[in-house]
Amino acid sequence: MAKTNEFTLIRPDDWHVHLRDGDMLKAVAPLTARQFARAIVMPNLETPITTASAAEAYKERIMAVLGEKSGFTPLMTCYLTDDTDPDDLIPGFELGAFTAAKLYPAGATTHSTGGVTDIARIEGVLGRMEKAGMPLLVHGEVTDPDIDIFDREAVFIERTLAPLLERFPGLKVVFEHITTSDAVDFVSSGPQTLAATVTVHHLMINRSDMFKGGLRPHLYCLPVAKRDSHRLALRKAVTSGNAKFFLGTDSAPHAVSAKEADCGCAGVFSAASALELYAQVFDDEDALDKFEAFASLNGPAFYGLPVNEGRVTLKKTESGLPAAVEVGGGETVKPFHAGEALAWTLVD
Ligand code: DOR
Ligand code: ZN
């Protein structure tokens, strides 16, 4: 495709974001709403969102920060536990309190201790979701400490995801934030009920970047970045035009003090500039003509939601990214690519 210096696309959505709560919510939600019309809001708060009424209350807190004029719509998710009540979940989906439900294998990541200990325990819930057409969003890593951390996604496919798809052939499943060529292959060759989100950081960094010149805690997230061949497979997948892949930032802010710590939290905070960075990836791959499908069309098609009405424009002019974003209480969060220049800028 000929090089362009400006392009317009249908206003995109972020199909995976952590907006948190309280002061952090106030600091980060406007950054997401600046770029995206809707976002799938992850439910792993300190007290996870496990009921429809909790989701409605959380949605109200988000909208109290953003205001109706923002035009932003948070799409709420339910945090599945061993005790999820299908008689709350399914009506919650049918009445619009939930858009999807998230499976965190217990212990896999931040605030996942209350997650599902064994898929067998939620068989009944999954059957009801399959019938209702409610999407299941999956954090795809095994938690077995004997499995090397770099292998946990690939092993999850074999041990958990493949059997799950066989058992529930009608269930819509989003394999979240995929990081491996194994996942790319599995999704590409899988059924139409299976799709995946891809983060911008996994398109831009590999595992060596986490150790470049020293330990880089702000590049540590889960699933952890893998070797470069995997990053290249992800770039190929998102620019291939395959509608099974769509945008999900997994922007996961943690205060700098929690990242730069003896036991630092997992999460890359990309919400400040995600769309611009994705555009850079697609431009570097000479695939800007595939960007709108990835950012604005494939997600709604999979979820069965309408495409957004507005449009946004990106320009190839350099702009700066802040070194830090204030989050109250004297704390800051450090954006992905903090202090660096962006090649593309969102102009309206
Ligand atoms: O790096 C991550 N951070 N991965 C997750 O799955 C959760 C997220 C968070 O909530 O901080
Ligand atoms: Zn996440």
Side-chain angles (χ1 to χ4, degrees), residues 13-22 24-25 27-29 32 36 39-50 58 62 74-80 99-116 135-143 149-150 152-153 156 160-161 173-180 183 195-205 207 209-210 216-226 246-261 263-271 274 299 325 327 331 333-336:
D13 304 300
D14 182 350
W15 298 98
H16 185 136
V17 74
H18 299 267
L19 295 182
R20 313 298 196 208
D21 218 339
M24 185 69 93
L25 169 65
V28 303
T32 291
F36 302 105
I40 284 278
V41 181
M42 287 295 150
N44 64 331
L45 302 184
E46 265 169 64
T47 303
I49 303 299
T50 55
Y58 184 28
I62 296 167
L75 304 173
M76 309 311 291
T77 58
C78 180
Y79 181 110
L80 295 175
T99 299
K102 179 75 187 278
L103 168 65
Y104 286 103
T109 187
T110 308
H111 299 146
S112 66
T113 44
V116 174
L136 176 72
L137 317 183
V138 178
H139 181 107
E141 288 188 287
V142 290
T143 54
I149 191 166
F150 294 101
R152 286 183 192 166
E153 183 173 284
F156 181 86
T160 309
L161 191 52
V173 177
V174 183
F175 194 174
E176 298 291 339
H177 42 54
I178 58 168
T179 61
T180 57
T197 54
V198 185
T199 77
V200 74
H201 49 282
H202 289 117
L203 292 169
M204 295 185 104
I205 61 162
R207 64 189 191 181
D209 291 316
M210 269 189 304
R216 305 270 178 179
H218 296 281
L219 299 184
Y220 168 60
C221 63
L222 289 170
V224 70
K226 308 296 190 297
F246 43 83
L247 188 160
T249 63
D250 195 19
S251 177
H254 291 277
V256 166
S257 62
K259 293 286 291 175
E260 298 175 9
C263 186
C265 294
V268 169
F269 170 54
S270 60
V325 171
V327 290
E331 286 280 8
V333 283
K334 193 169 174 188
F336 185 50

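Each ligand, and each atom within it, is numbered from 1 in the order the structure gives.
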Taking all non-hydrogen atoms of both residues, which atom of A108 and which atom of L222 are closest, and how far apart?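 What the structure gives for the nearest pair is O-CD1, 3.6 Å.
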
Taking the side chain as every heavy atom from C-beta outward, state whether F246 and V174 have any atom pair closer than 4.5 Å. yes

Can you find a heavy atom in the side chain of H254 that is under 4.5 Å from one in the side chain of M24?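 When only atoms from C-beta onward are counted, M24 and H254 do not touch, as no gap falls below 4.5 Å.
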
Looking at non-hydrogen atoms alone, which of T109, D250, V17, V224 comes nearest to atom 6 (O) of ligand 1? T109

Out of H254, H18, M42, whose heavy atom sits nearest atom 11 (O) of ligand 1?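 Considering heavy atoms of H254, H18, M42, the nearest to atom 11 (O) of ligand 1 sits in H254.
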
Donor-acceptor check, side chain of K259 to backbone of C265, threshold 3.5 angstrom: yes or no?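 Confirmed, K259 side chain pairs with C265 backbone.
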
Interfacing atoms of ligand 1 (cut-off 4.0 Å, heavy-atom, C221):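 Matching atoms, with element in brackets: 1 (O).
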
Below 4.0 angstrom from a heavy atom of H139, which ligand 1 atoms are there? Numbered from 1 as shown, please. 6 (O)

Parallel, tilted or perpendicular: which describes the rings of [X] and [Y], with under 30° parallel and over 60° perpendicular?
X	Y	result
F336	H201	perpendicular
Y79	Y104	tilted
H139	H177	perpendicular

Side chain, backbone, both or neither: which part of [X] has a heavy atom under 4.0 Å from ligand 1?
X	result
R20	side chain
A252	side chain
N44	side chain

Determine whether any heavy atom of E141 lies closer than 4.0 Å to an atom of ligand 1.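 False for this residue.
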
Would you say G267 and ligand 1 have an N/O pair spaced under 3.5 Å apart? yes

With respect to Y220, determine whether any N or O atom, backbone or side chain, lies less than 3.5 Å from an N or O atom of ligand 1.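 Looking only at distances, the answer is no, because the N/O contact criterion of under 3.5 Å is not met.
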
Option from P335, C221, S251 for which side-chain contact (heavy atoms from CB on, under 4.5 Å) with V268 holds: C221

Identify the residue among V41, L19, L247 that makes a side-chain contact (heavy atoms from CB on, under 4.5 Å) with D14. L247

Closest to atom 3 (N) of ligand 1 among protein heavy atoms sits A266 O, 3.0 Å

What is the closest protein heavy atom to atom 1 (O) of ligand 1, and at what distance does it sit? L222 N, 2.8 Å

Decide, counting backbone as well as side-chain atoms, whether [X] has an N, O or S atom less than 2.8 Å from the Zn ion (ligand 2).
X	result
H177	no
H16	yes
E176	no

Verdict with supporting geometry, K226 and T179, side chain to side chain donor-acceptor pair (under 3.5 Å): CA-CA 7 Å; K226 308 296 190 297; T179 61; 2.8 Å; yes

Rounded to the nearest 10 degrees, what's the angle NE2 of H18 makes with OD1 of D250 at the Zn ion (ligand 2)? Could you check?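 My answer is 90°, to the nearest 10°.
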
